[in-house]
Every structure is written in structure tokens, then in C-alpha cells.
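Before any comments, here is the structure.
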Amino acid sequence: MFHVSFRYIFGIPPLILVLLPGASSDCDIDGKSDKVFGNILMVSFNALDSMRDICSNCQQNASNFFKKNSCDDNKEVKFLYRAVRKLKQCNKTNNSEEFNDQAERISKTTLILLNCTSKVKERKPPTLHKVQPTKTLEEKKLLKEQKKQDDSPCFVKRLLDEIKTCWNKILRGAKKH
Amino acid sequence: MTILGTAFGMVFYLLQAVSGESGYAQNGDLEDAEPDDYSFSCYSQLEVNGPQHTLTCAFDDPDVNSTNLDFEICKNLVGVECLHLSKLQDRYFLRTKKFLLVGDSKICVKLGDKKITCKNINIVEIVKPEAPFDVKVMYHEEAKEFVVTFNTSHSQKSYLTIKDLIHDVAYRQEKDEDNWMHKNLSNTKLTLLQRKLQPDAMYEIKVRSIPTDYFKGFWSEWSPSYHFRTSESKGEWMDPVVLTISILSFLSMALLVILACVLWKKRIKPIVWPSLPDHKKTLEQLCKKPKKNLNVSFNPESFLDCQIHKVDGIQARDETEGFLQDAFSPQIEACEKQRLGGGMQRPSWPSEHAVITPGTFREDAPLRCLTGNVTACNPPILPSSGSPNCGDSDKNGTHVYQGMLLSPRTTNNNLSIPCPLQLGILTLNPVSQGQPILTSQDSPSSLQSEEAYVTMSSFYQNQ
């Protein structure tokens with residue numbers, strides 16, 4: 001009985017916190033975002049633009065990510081949040097150290113400025129009672145190619161460009177208001 | 001039971017927490033050690049060596065035993081969680097490009113693995129810029145100013161650029177210690193006017209910078225001083241003289257203008273533009289009443305009583321007048337009384353009548369006139385107004401006697417002159433020579449002249 005009381009006392013509250021609905025991302029953009037963007041983020045974007053040897057022969061093939069995510073009206077913060085998280089997941093072995101550093105700066109700085117209170121889950125965790133369907137070879141191959149494509153410097157470069165464009169859109173909208 | 005278990009759990013937890021915060025030494029002994037002051041301060045410098053930044057920390061108390069103490073920075077770093085600072089004498093130094101430059105980082109003082117004290121510091125708020133350099137002073141003679149220029153390494157940086165800095169230029173005369181003058185500017189050029197500096201003096205100038213706007217922090221170190229000497233400004237020495245001269249000339253001009261305005265009508269205008277005098281007024285001015293009541297009239301009759309003297313006879317005239325004045329003055333007064341008592345009117349004298357004064361007898365010309373030679377005699381004929389002024393005007397003895405004829409002999413004797421009015425008109429008659437006779441014409445006036453002649457002869461006989 002004694003150890004049961006401990007479980008209830010010290011175990012339930014954290015569990016409650018975890019089980020609280022966290023799917024919604026409440027992001028509040030910092031009021032100094034314009035200064036941070038002009039003094040810090042733009043330095044990183046300019047440094048990445050100077051790396052013209054990377055992605056010089058990129059093809060404008062549409063990635064699934066951009067098909068599902070775009071910087072539409074009233075969805076800018078959500079797009080930025082997902083874009084920087086995608087950026088962090090990309091394999092950085094294909095890029096130079098300087099490129100990776102600048103990309104990480106952009107992702108971290110964006111997350112700080114967005115000031116999101118909870119993380120947005122992109123995938124639902126699989127339930128224990130359901131049996132995962134077996135993927136066919138074709139589907140596996142497709143996923144591999146998709147992942148390879150997302151890790152390419154071209155995708156990362158495009159992702160960074162989309163992040164910069166979306167930031168400009170947010171700040172222009174903030175100036176108008 | 002559940003409640004009891006919960007209570008015991010809370011007590012054990014509190015005990016552990018309290019024991020952890022007490023001064024529990026590593027050797028297990030409980031000691032009431034005085035806590036050392038591990039307060040510290042840090043500053044950062046961005047892009048000092050290429051893309052790398054630096055972080056420098058030091059304890060505020062220099063007496064702190066920092067033998068086993070280390071500094072560590074965590075949070076908001078790129079690619080790593082924490083970084084350790086290296087110890088350099090009494091300071092702790094870190095050079096890296098991993099600073100995120102956004103948000104607060106946590107800097108802690110560690111004693112081994114134990115964190116003694118920590119601070120949340122934003123790297124961009126403790127920035128210390130690099131010192132400016134290459135300070136130069138150029139003199140522009142035409143503009144009479146000194147142009148100060150300097151350079152800073154932040155002109156080529158990405159984060160803390162030159163637009164994010166404010167510069168402080170300090171200058172002083174070398175002899176004036178601690179009398180620095182400061183000027184703040186956002187660019188790298190400053191102009192100092194020569195007139196605001198002492199001439200022929202040696203100056204020292206230096207510059208420092210501080211971040212502004214998004215970046216905050218501390219003043220940089222001073223740049224190396226630059227020394228320059230101001231020139232001997234002759235213009236400045238002459239300026240007081242020129243100023244004085246200009247002021248004096250201006251005042252004199254003003255005074256001239258004022259005097260010209262004041263004296264224009266009375267003095268200047270008559271000289272510059274003299275007005276034509278009125279002939280009547282001028283004549284009146286010229287013919288002002290004399291002091292001695294002379295007749296101012298051009299009527300010839302008023303001058304019959306006046307003695308007429310030639311230029312040569314002035315001296316004789318003066319003597320005779322003096323003599324006659326003494327002799328005749330009482331008789332004249334008597335005649336005046338008779339005239340006034342008889343109510344006689346004075347006859348009007350024609351202008352052609354000659355008047356011969358006693359003064360003329362001493363000369364040849366008058367003698368010839370007395371002998372009857374009229375042609376030889378040419379006495380001046382002076383008109384007379386017939387007023388008694390003519391006789392009274394000359395107090396010195398120029399007496400006019402109407403119709404009076406005097407022989408040479410009478411000049412040496414005391415003459416008793418009858419009243420002039422009773423003598424009547426006296427005219428010259430060209431009778432034979434040797435007869436100093438003046439006869440009157442056949443008219444009532446001639447009767448008067450005869451009476452005058454008779455009277456004169458009787459007067460002469462009496463003598």
C-alpha cells in the first residue's frame with residue numbers, strides 16, 4: 001500500500017501533464033522579431049545565398065512536404081514551425097559544416113522567435129492494439145526515395161528559401177498592423 | 001495509511017532538500033563557512049577573428065581564490081549544449097562561433113562539477129566593440145577647419161556593423177589635463193572649426209565606440225591618441241584691430257549722417273545751394289541805420305545841410321569843424337529856439353543851390369568861387385532833405401549853414417551865425433570878379449535870398 005501511494009502521488013501528476021491535449025501549437029511571435037530577423041537571421045540567409053556551389057543544378061521537383069505545407073494566409077506560423085523542424089531532421093552529412101551551422105541557426109532562432117508553448121506532433125504514435133500493415137516493396141522504395149530527396153541540399157536550400165519568404169511575409173503583415 | 005505515507009514522504013523530501021543547501025563540506029564536516037563572493041561579469045566581442053566571437057569573464061572581487069573554479073556557458077549555442085571557458089591569469093576566455101546570438105545563455109561558475117553561481121546573460125547585450133584606429137586630422141585652410149577621420153573594424157563585419165555603433169571623440173589641449181571635450185557621432189568623420197580651438201596650441205584626440213539599437217554593451221577601449229598643432233592664426237590676431245576699426249568707422253559714418261541731417265537746412269543747404277538774395281532785403285541790410293543817425297535817403301534835398309568836403313580838405317575840415325563846433329554851437333541853439341518860436345517853415349531848397357562851407361575858404365578853389373567866378377567854382381552840390389538832422393547829424397562839427405557866405409576874413413574871427421532859416425535861398429550869381437556877392441533871383445525866393453544877403457551883409461558888417 002505504501003508504494004502504491006507513492007505511485008499515485010508522484011506518478012499521476014506528470015502523466016496528467018503528458019496526457020493533456022498538446023496537439024495544438026500555441027505560438028506567440030516575439031515582439032522583437034523584426035530586429036532579430038534583420039540583425040541575426042538575415043546574416044545567415046545571406047551566408048547561405050553566397051554558397052552558390054550548392055544546389056546549382058537543382059530541379060524544381062515538388063516535394064511532398066511542400067505539397068502539404070505552404071505559407072498561406074493565417075498559416076504562416078504553422079508552416080514556419082514545421083519547416084524548421086523538418087530542417088532539423090534533415091541529414092546534414094551531405095552539406096558543409098558552415099552550411100549546417102547556418103541552417104541550424106535559422107531553425108533554432110525561428111523556434112525561439114515563434115515561442116511555441118508545445119510541440120506539434122507530425123505523426124500519431126502507433127497504438128499497441130493495432131497491427132501495422134505490412135508495406136510493400138514499392139512503398140518502401142518510394143519512402144526511401146522521398147527521404148533521400150528531402151535530405152538533398154536542394155531540398156534544404158529550398159526549405160530555407162521558403163522559411164525566409166514566409167518570415168518576410170509575417171513581418172510585412174506585422175508592419176501593416 | 002495513505003495519508004500517513006504521504007506525510008512521511010514529504011518529510012523525507014524536505015530533509016534532503018534542506019541538507020543539500022547547508023554549508024556541507026566535501027569532507028563531511030559541517031562548517032559554517034563564510035560564502036565567498038563569486039559574483040562575476042562578462043563581456044563579448046563579435047567576429048573578432050573572422051567569424052569567431054569571444055567571451056571574457058572575470059570575478060568582481062580580485063581576491064577570490066579561483067584556483068579550482070571554472071566557467072561554463074550553456075543554452076542557445078549552435079551544435080553544442082555547453083562550452084567551457086579557458087583560464088588566462090585572472091580571467092576566463094572563450095573563442096567560438098557557436099553563439100546563437102538570440103535569447104539568454106546560462107553562464108555558471110563551477111567548482112568541479114558543482115555549479116556555484118549562475119547568471120542568465122544575453123550575449124548580444126554584453127558586447128564590447130573593438131577600439132577604433134587610424135585616427136587622422138587634416139586641416140582645410142580655405143574652410144579654416146580641422147577634419148577628423150578614423151576607421152573601425154566593424155565596417156567589415158556582419159553582425160555588429162558600423163551602423164550599430166556610436167562613436168565618442170574626445171580632444172583636449174595637451175597642457176590642460178583632464179579637460180577633455182567630447183563629441184558623439186554615428187559616422188567616422190568629424191569637423192572642428194579653427195575658431196573654436198586655441199591658435200598655436202598642441203591638441204590630443206582619441207576615439208571610442210559603444211553599441212546601439214539591437215546590440216547593447218560597453219564602451220570599447222580608446223583608440224591610439226593623435227596629436228596635432230593648430231596654426232598661428234594671423235587673422236585671429238588682426239580680428240580685434242579690424243573689428244575696432246570697423247566699429248569706429250561705422251560710428252563716425254553714423255555721426256556724419258546725423259550731423260548732416262541736423263545741420264542740413266541751416267548751414268549745408270545754403271552753401272550747397274545758395275538762394276538768390278532778395279534785392280530789397282539785401283539793400284535794407286546794407287543800408288541799416290547807422291549808429292550816428294545818418295540820413296538814409298536818396299532825396300537830394302536832404303543832403304543840402306551836409307558839408308561837402310574834398311578829399312584833400314579832410315584834414316582842414318577836421319580842424320575847422322572842431323573850431324566851428326566850439327564857436328557856433330550856442331548860437332545854433334538860439335536860432336533853433338527862434339525858429340520854433342516864429343513857426344517859420346523851412347524853405348525848400350532847389351537842388352542846384354550850392355552850399356559852401358567855411359572849410360572851403362582855405363583853399364584856392366573855394367576862393368575863386370567866392371570871387372564870383374562860377375565857372376571856376378565847381379562846388380559839389382548835395383541835396384538836402386531840409387531836415388534838421390542834416391545839421392545835427394555831424395556832432396563833430398560838420399555844420400551846414402543855409403545860404404551862408406563867408407569871406408576869408410571871417411574865418412579867422414569868431415562868427416556869429418544867424419539862424420539858417422532866416423537866410424533864405426542862397427544862389428550863385430556870376431557877377432563881376434572881386435565881389436564876393438551872392439545875389440538871389442527875382443522871385444519870392446529871391447526876396448528871401450536878398451533878405452538873407454542883407455542879413456549876411458549886416459552880419460558881415462557887424463563883424
Side-chain angles (χ1 to χ4, degrees), chain A residues 1-13 28-51 80 84 87-88 90-93 95-116 163 167 171, chain B residues 1-14 16-17 44 46-47 50-53 74-83 96-106 120 122-125 127 129 154-165 211-217:
Chain A
M1 290 295 290
F2 189 73
H3 62 278
V4 174
S5 63
F6 267 90
R7 188 180 301 171
Y8 286 130
I9 293 169
F10 297 104
I12 294 175
D28 186 17
I29 296 179
D30 192 352
K32 297 181 180 179
S33 298
D34 55 340
K35 290 187 177 181
V36 176
F37 180 82
N39 290 280
I40 306 299
L41 281 177
M42 279 306 298
V43 176
S44 299
F45 285 125
N46 294 334
L48 289 171
D49 289 339
S50 64
M51 299 176 189
L80 281 178
V84 294
L87 188 63
K88 291 178 75 173
C90 290
N91 190 356
K92 302 176 179 59
T93 56
N95 304 322
S96 62
E97 183 181 357
E98 179 66 23
F99 186 92
N100 291 333
D101 282 346
Q102 298 297 342
E104 187 173 353
R105 284 179 182 277
I106 291 172
S107 60
K108 278 193 170 182
T109 304
T110 301
L111 287 174
I112 291 173
L113 293 178
L114 291 178
N115 196 19
C116 295
I163 292 172
W167 263 119
L171 294 176
Chain B
M1 286 299 291
T2 305
I3 296 171
L4 185 63
T6 306
F8 277 121
M10 293 294 288
V11 169
F12 287 136
Y13 176 75
L14 288 171
Q16 188 179 4
S44 63
L46 304 181
E47 297 178 280
Q52 290 191 330
H53 318 300
C74 300
K75 283 180 67 177
N76 290 330
L77 299 175
V78 178
V80 292
E81 285 295 322
C82 296
L83 291 169
T96 180
K97 57 180 180 180
K98 300 291 186 181
F99 293 139
L100 187 63
L101 303 179
V102 176
D104 291 345
S105 298
K106 191 175 183 181
N120 287 326
N122 193 340
I123 297 296
V124 298
E125 293 182 355
V127 177
H154 292 276
S155 59
Q156 298 175 355
K157 297 186 188 301
S158 301
Y159 289 105
L160 187 62
T161 61
I162 196 169
K163 66 178 178 61
D164 299 318
L165 295 174
T212 184
D213 200 11
Y214 176 73
F215 297 95
K216 295 178 180 59

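The sequence lines fix the lettering, A, B, ..., with proteins before strands; numbering per chain opens at 1.
- For B:Lys106, the NZ atom is loosely surrounded, since the number of other residues' heavy atoms within 6.0 Å does not exceed 12.
- Note that OG of B:Ser158 is 10.5 Å distant from CD1 of A:Ile40, once rounded to the nearest 0.5 Å.
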**Asked** Run the side-chain contact (heavy atoms from CB on, under 4.5 Å) check on A:Ile112 and B:Asn76 step by step: do they pass?
**Response** CA-CA 9 Å; A:Ile112 291 173; B:Asn76 290 330; 3.3 Å; yes
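- For a residue to count as touching a neighbouring chain, one of its non-hydrogen atoms must lie under 4.5 Å from one of that chain's; by this rule B:Lys163 touches chain A with the side chain only.
- Taken to the nearest 0.5 Å, the OG1 atom of B:Thr161 stands 7.5 Å off from the CG atom of A:Asn39.
- A distance of 10.0 Å separates CZ of B:Phe99 from CZ of A:Arg105, quoted to the nearest 0.5 Å.
- Remark: A:Lys32 NZ is loosely packed, at most 12 non-hydrogen atoms of other residues, nucleotides or ligands lying under 6.0 Å away.
- The contact between B:Leu77 and chain A is made entirely by backbone atoms, counting heavy-atom distances below 4.5 Å.
- Distance check, rounded to the nearest 0.5 Å: CG of A:Asp34 to OH of B:Tyr214 gives 10.5 Å.
- Here the CD atom belonging to A:Glu104 is positioned 8.5 Å from the CG atom belonging to B:Leu100, to the nearest 0.5 angstrom.
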